[in-house]
Structure formats: C-alpha cells, structure tokens
Participant: 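Pasting a structure here, questions to come.
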Amino acid sequence: MKQLSLFTTTFQKVIHQPAIILLIVVECALLLILLFAVQCEYDNGMLVSIHVFGKSHDMDLTAILLLDTLIKFLWNVIMFLLVLGTAGLFAEFFTDPLLSIYITKGFPRYHLVLSYYLSVVFTIAILQGVFALAMSITLYLKTGSYFGYFFISVLLSSLAIVSLLVSVSSLVSVFFEKPTVSLVVVLVVYFVQPLLSFGYDRASTAVNIFLLLLPPISQVNNAFFKTLQSESSIQFPIIVFLYIFFVLSCTLFYFQKKDIV
Amino acid sequence: MLEYIIKIDALSKIYRKDVFDKQPVAALNNVSLSFYQGEIVAVLGVNGAGKTTLTKCMLQLVRPTSGKVLFNEHVLNRKKSSIGYLPEHFRVPPYCTARGVLHTLGLMSGMERSELNKRIELVLQLVGLDDRRNSFVKEYSKGMIVRLGIAQAILHNPQLLFLDEPTDALDPLGKIMVRNLLRDLSNQGVTIVVNSHLLTEIELIAHRAVILHKGNVIREGNIGDLLAGQAGFFLQLSSYIEMPPPYSCSYNGKVWICEVQSTQELQQALDILRGKGVTPLNVIPKRTTLEDLFIRTIEEQ
C-alpha cells in the first residue's frame, strides 16, 4: 500500500507536467485524425491510395518516402516531449518538502529513489501503452492489417530512451537539485550522443571513453528504425539495463549520504 | 522517572560546500540533550543558530559529523512510522486536495483505509479545515497550508512530533487551536519538539526550553525554573532616594522606581531604605517573559 501511494503521487505529478499534457494532446490529435480524416483505398488487397481530409494520394514511391519521413518526425516529436516532461522531475523530487516527510515515515532512502524512478517509467509506460493500443486498434479497423509489432517497438523504444534519460537526470539532480540544469544536461545528452556515435569507430580513445559515459540512445534509435524494416535487435535491452543499473547505483550511493537541507 | 525518548550525545555538524571548502560552517557544536515522553520542548535561537539542523539530525535527514542520536526503542517503534514532522516550508502540489494529501500520507504511514478515513475527518476538524477538505490546495491561504501541514504531522498518531515554525503564518484563532492541540497531545504522552521564533506562544505551551546560539546550547531548563531564576522586583518610592550601587532609582513620570534582581537584593534594598527611614509605596514582583530571558541570554553571548 505504501508503494502504491507513492506511485499514485508520482503518476499525478508526471501527468501534470506541461510537456506531458502537450504530448497527450498531440497523441489524441493523431488518433482523431487517423480515425476520422484518413480513409484507405484497396485494390485486390493492395493499398493503392490514401484519402487525407478528403484529398486523395496515390501510394507511389514518393508517398511511401513521405510516410516514412512523417513517422520519423512524429517519433522525434513524441520523444522530445517525453524528454521535456520527465527530465526535471527528479530535481523536483530531491527538493520536494514532502521528501523529508517520506523519510520520516520509515522509507529507506534507496527505496524512495527506486520507487520514484519506477513510478516515472511506469507512468510513461501506461501513457504510451494506451496510445500504442489505441493506434493499433484504429489502424486495424482502417486497414485490416495488424500493426501491433510496430507499436510495441515504439512503446519499448520510447520507454528505453525515457528510462535512460531519467536515470541520467536522477544523477544530475542529486548533485545540482535544479530542474533547469537537469533539463539542459538531459537535452544535450539526448541530442549529442547520437551525433557523436556516428564517428564512434574512427574517433580517438578519449572520445570513445566519453561516449561510454553517455546513455546508448543511438543504439535504441537504430533498433527502433530496424524494426521499421522488419529487422529485430535483441542486444540493446542488455546495454540499456547495464547503463541504467550503473547510473542509478551512483545516484543511490550519493543520495544515501546526502543531507536533506 | 520519565523515560527518555531521544538522547543526543555530543552531536556536531559541520557543513562544507565541497571537499575543498576552506571555510566550513559549524551548525552544531558538541550538543548533548535528552527529550522525555510527554514533554513539549521549545528549541529557540536566532536565525542560523542550528535549530533546524538539530531537528534534521534527530530525524536522520542530516548526517551528523560526529556524535549520536539514540532513540528509546522501548517507547518508540520507529518501524511503525511513529514520528510526525512539519517542515518549515511545507508545500504540496497545487492540484491536490487536503483530503487527497492526507489520504496518500496516511497510506504511506501504513494506516488501514477504514481507520484512515475516520482519522482524516477527525484531524481536518481539529485543524479547522473540515469545510475545505475537497478544495484544491492552490485555493488555500498560507495559514491553511500550515494547518494542513499540522494535520499530516498528527494524522498517524505519532509518539514523537517535530514542528518547525508551526504558528508562523497562523491567525490568532489558529494559534490558539495549535496551542490547545499541542497541550492535548502532550497530555496523551506525545513528545513534542517545537522550533519557533514566537516566544510568547512558546511560553504558554512549552515545558522546557533549549536556547541555541551558533550551534551551542547556551541555556536549557524548565520554563518555570528559567523564568524564576530571572525574577526580580520593582520598589515604588514617593521621592528620589540616593542608593548605593548596584541599586539605582529612575522616575517613570508618576513615581520613582528602584529595580532589584533577586529576593536577596530586595532584602538588602529594604534594609537600606529602612535605614534611611523610607517605606516603599509598593513592592511589585517583576514579570520576566521568555522573550526577556531569550534576549538577555543572547546579549550575554
């Protein structure tokens, strides 16, 4: 019951973040557009054209490329909002006056940090899970094709990135306790890591060691885009897990000794 | 004899910004104190005296540099969340209701749902928020948030209560409410440690006071004993009388006043006056307040 109440509090906090509210609005808008403004036309079971807001588009190569770009764009928008909505949460948690009250209620410190971390990740899992399910059902009704595999990979990839970045934000926040610092660091890491990892093989040893300190976002992104081409990647969950384990251990070690002033 | 509930042994706390900090701040210096069951103890001191650090060390929110805080496990079952705490700057998310906050914190204290619902109604009534139980916290005034803070601190029937500035933002009725509430809790055996700057309030409720200054305990004792030790008298005289030191007379616009600091001094002053053939108009016991005592103690430092 103790855990559940902490989860409920965290859930409320996450869904009241402006970026998360915007994310829910964007996802609902996407769903409504798909439901009411998009019609598919088939010929002998083959998709030949799509009607968007009453305008017909043939499914030629240009349309397929456009659709691919659109999916990537939406993926980036969703991920950006998720990062914005969750990056500052840990800094707020470490400065929350209720934190001292939770500790006086007999919660061990490591327990609080882990519960909060899992609550944030579970909340995002629930939000993204509902979106993925709704999109899969809508697309199934529209096209008769099953897109579950695609949306499960969207869900898992976004969760993996959020889990990685929230762990980074926990470590930054335990030292600096400022949501803005945490947000800036997480955004820099989110954008810089994929850029640096392009030249991973050719870079100097120092850059490669530095890259090991950053969360493996590009690996997750690659794994996600591989699923778009029906390929699968099973090694990234292990890398993600190890990275989170390491970063959270550092956060816990420091928080265990930290003065709550 | 009353059993101690917390014993502090040679507690020191030094704050450093980082490991290279060459000017560390000593917030507590070798502080040793005991707190007993059912007493209300006021921890007093100017800003930065170490009051909040002392409370936070007892709550294990701040790790002492040296020394120990011992809990009497026979009296206090720490695993059952038997501590209530109102932090100095109590805040809750604006989208919560008073009932919601208490419900969450009650569950975190390990309370059963059925017991919790009854208890929430009771504490909301006690702090005067029963008619605003379902209002959002963003609609609350500062005083109402403090009342909510007090409600959460006493919700789970704690045996030990720490209150940091509990009456600061309260209106006079709120202060009376807190005063009565703390007296009732103390009568039920709850140990209460209060940090406050409102000395007139503290004087009315506390059994014992601890005055901290620059991290040191400079005075400690029962309020009655502390104030009695400071007692004195005013001798009212109809005309100016030459008195030997340390006595002196001053005119207050109506009569001449001679101030003495103790019963012994009073006897000596009366002897001097008798020797001069003067009878005082009146002998008025001086009422020393906790505020007087506090200011005098700090000034002595």
Side-chain angles (χ1 to χ4, degrees), chain A residues 1-18 20-21 24 85 88-116 119-120 123 174-179 252-261, chain B residues 13-16 18 25 27 52-53 55-65 76-97 100-113 116 138 145 148-149 152-153 155-156 158 160-162 164:
Chain A
M1 201 55 81
K2 276 186 168 189
Q3 304 311 316
L4 193 65
S5 45
L6 187 64
F7 173 74
T8 323
T9 317
T10 314
F11 183 84
Q12 283 182 343
K13 197 173 273 180
V14 175
I15 59 165
H16 278 88
Q17 296 295 312
I20 298 296
I21 295 172
I24 294 170
L89 283 173
F90 252 102
E92 283 178 23
F93 172 70
F94 287 130
T95 51
D96 189 347
L98 291 177
L99 176 65
S100 53
I101 295 174
Y102 298 156
I103 293 174
T104 61
K105 296 204 177 297
F107 279 102
R109 291 183 178 209
Y110 73 91
H111 204 140
L112 277 174
V113 173
L114 285 179
S115 300
Y116 194 78
S119 302
V120 173
T123 305
V174 81
F175 284 103
F176 297 104
E177 293 186 350
K178 287 192 169 62
L252 290 174
F253 178 76
Y254 187 73
F255 185 60
Q256 206 66 24
K257 294 170 177 292
K258 192 178 161 63
D259 289 337
I260 314 287
V261 286
Chain B
K13 175 67 190 176
I14 297 169
Y15 285 115
R16 289 171 200 277
D18 51 60
V25 179
T52 302
T53 302
T55 305
K56 290 196 168 183
C57 280
M58 287 193 271
L59 288 166
Q60 297 177 347
L61 296 170
V62 165
R63 313 232 155 200
T65 309
L76 194 73
N77 186 353
R78 296 212 66 219
K79 282 178 188 154
K80 280 200 167 178
S81 177
S82 48
I83 294 175
Y85 175 47
L86 170 68
E88 188 180 358
H89 304 291
F90 177 74
R91 282 195 322 264
V92 282
Y95 49 79
C96 295
T97 62
V101 171
L102 294 180
H103 196 263
T104 307
L105 292 175
L107 290 177
M108 281 186 185
S109 306
M111 294 176 79
E112 294 295 326
R113 266 177 203 277
L116 177 59
K138 64 182 171 193
I145 290 174
L148 179 59
Q152 66 77 26
L155 178 70
H156 53 293
L160 180 57
L161 192 56
F162 290 92
D164 207 344

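Sequence lines set the chain letters: A, B, ... in the order given, protein chains first and strands last, and positions in each chain run from 1.
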Participant: Tell me whether the count of non-hydrogen atoms from other residues, nucleotides or ligands lying under 6.0 Å of CZ in B:R91 goes above 12.
Facilitator: no
Participant: Starting at NZ of A:K105, measure out to CD1 of B:I83 and round the result to the nearest 0.5 Å.
Facilitator: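 Rounded to the nearest 0.5 Å, the NZ-CD1 separation comes to 10.0 Å.
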Participant: Pull out the residues in residues 91-98 of chain A that come under 4.5 Å of chain B, heavy atom to heavy atom, sorted by number.
Facilitator: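 A:T95, A:P97, A:L98 fall under the 4.5 Å cut-off.
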Participant: Should A:Q12 and B:C96 count as side-chain neighbours, where that means a heavy-atom distance under 4.5 Å?
Facilitator: yes
Participant: Tell me every residue that passes side chain to side chain contact (heavy atoms under 4.5 Å, CB included) with B:I145, counting only those two or more places apart in sequence or in another chain.
Facilitator: B:F90, B:V137, B:Y140
Participant: Mind checking ring pair (Phe, Tyr, Trp, His ring centres under 6.0 Å) for B:Y95 and listing every partner two or more places apart, or none if nothing turns up?
Facilitator: A:H16
Participant: Mind checking the CZ-CE spacing from A:F107 to B:M108? Nearest 0.5 Å is all I need.
Facilitator: 5.0 Å
Participant: Give me the contact list for residues 253-261 of chain A versus chain B, heavy atoms only, anything under 4.5 Å, ordered by residue number.
Facilitator: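 Interface residues of residues 253-261 of chain A: A:Q256, A:K257, A:K258, A:D259, A:I260, A:V261.
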Participant: With a 4.5 Å limit on heavy-atom distance, are the side chains of B:Y85 and A:I103 in contact?
Facilitator: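 Counting from C-beta outward, B:Y85 and A:I103 never come under 4.5 Å.
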Participant: Hey, does A:S100 have a side-chain heavy atom less than 4.5 Å from the side chain of B:L59?
Facilitator: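 The answer is no; the side chains never approach within 4.5 Å.
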Participant: So for B:L105, is it side chain, backbone, both, or neither that comes closer than 4.5 Å to the heavy atoms of chain A?
Facilitator: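 Both backbone and side chain of B:L105 come within 4.5 Å of chain A.
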Participant: Please flag which part of B:F162 lies under 4.5 Å from any non-hydrogen atom of chain A: side chain, backbone, both or neither.
Facilitator: neither
